[in-house]
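Both ligands and their constituent atoms are indexed starting at 1 by order of listing. All values below were derived from every heavy atom in this structure, side-chain atoms included, with hydrogens, water molecules and symmetry-related copies excluded.
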Amino acid sequence: MIETRVTQLTSGAHVFHGYALDIAEELLKEIDLVVSVSPLRSVVTPSGKSMSVKMTNCGTRGWVSDRRGYRYEEKDPVTAKKWPVMPPGFVAIAKRSGAVAGYPDYEPNVCLINRYEPGNCMGLHQDKDERDFSQPIVSVSLGLSISFKIGGLSRQGSTTRIDLVHGDVLVFGGPARLAYHGVGKLREGEHPLTGKSRFNLTFRVS
Ligand code: MD6
Ligand code: FE
C-alpha cells in the first residue's frame, strides 16, 4: 500500500494527501477522453441559477440538474446517448481509495467530473440524490488548489476548512455522508498539468 498522510476533517471524512499523485496524469488523459464524448457543460439548478462549474459524467448513470430538479440519468441529455464508460484509471483510484478508507468492496457506478476556472465556486450542499448512503463518496482533486469546507448535518453550525491540492483524495462516508460541504472561489493560478483550472472527480454509488 502507498504510504500516505491522512487528515480527519470530521467523523467519516478523511483526506488522503497525495493519494492520487501517481495516477494523476493518467486521470487527466482519461478526463479528456470522457469530455470528447460527453462534453463539459453548464447546468442550472431547480431555482434557475447557473452553476459556475462545468460538469459531465461517466459510468452507468450521470448526475444532472435542470429546472425539474437534481437526479441521476442513464443517458446524457446533451448527446442523448449513454454516458461514457468509466475509464480504467478512474476505476483503479476509486477502488484503491475506498479500500484505504475501510470500504474494500467499494464499486461506484458514477463519476461526476467538475471543472473549475478562476472565480468558480460551489456553495454548501449535501450529496443526497443517491440511493445508498451506506456507500461513501470518493473525491479526487486535480490541478489548482481550492479551499474545501465541511460542516455537519445542518446548514448552520461550524465548518472545518482544508485546502485540497493536486492529487488529494477525500473519502466522505459513514457519519459524514450527508454532511454539508462546499468549496470557496478558485483563485487565479497556473498548474503545470491543468493550466488555469481544477478538476474534481466524485465517485458515487447512485
Ligand atoms: C469539490 N466536492 O471538491 C466539490 N461532494 O469540488 C464535493 O462536492 C464533494 O468533495 C461529496 C463528497 C466529496 C466532495
Ligand atoms: Fe458534494
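- Distances from the Fe ion (ligand 2) under 2.8 Å pick out these protein N/O/S atoms: H125 NE2, D127 OD1, H181 NE2.
- For residues 23-34, there are no side chain to side chain donor-acceptor pair (under 3.5 Å) pairs, not counting sequence neighbours.
- Note that the CD1 atom of I146 and the CG atom of D168 stand 12.5 Å from one another [nearest 0.5 Å].
- Cation-pi geometry between R96 and Y19 is met: the NZ or CZ atom falls under 6.0 Å from the ring centre, inside 45° of the normal.
- Applying the salt bridge (charged side-chain N to carboxylate O under 4.0 Å, His left out) definition to pairs two or more places apart or across chains, those involving residues 177-192 are E130-R177, D163-R187, E190-K196.
- Looking at S141, its side chain never comes within 3.5 Å of a backbone N or O of G167 through a donor-acceptor pair.
- Looking at T56, T202, L201 one by one, the single match for side chain to side chain contact (heavy atoms under 4.5 Å, CB included) with C111 turns out to be L201.
- Protein residues are said to neighbour a ligand when one of their heavy atoms lies under 4.0 Å from it; for ligand 1 these are Y116, H125, D127, I137, S139, F148, L170, F172, H181, V183, R198, N200, T202.
- Side chain of R115 to main chain of S197: no donor-acceptor pair is present (N/O by atom type, distance under 3.5 Å, no hydrogens or angles).
- Remark: R204 engages D127 in a salt bridge, criterion side-chain N to carboxylate O under 4.0 Å.
- The pair D105-K95 fails the salt-bridge criterion, with no side-chain N (NZ, NE, NH1 or NH2) lying under 4.0 Å from an Asp/Glu carboxylate O.
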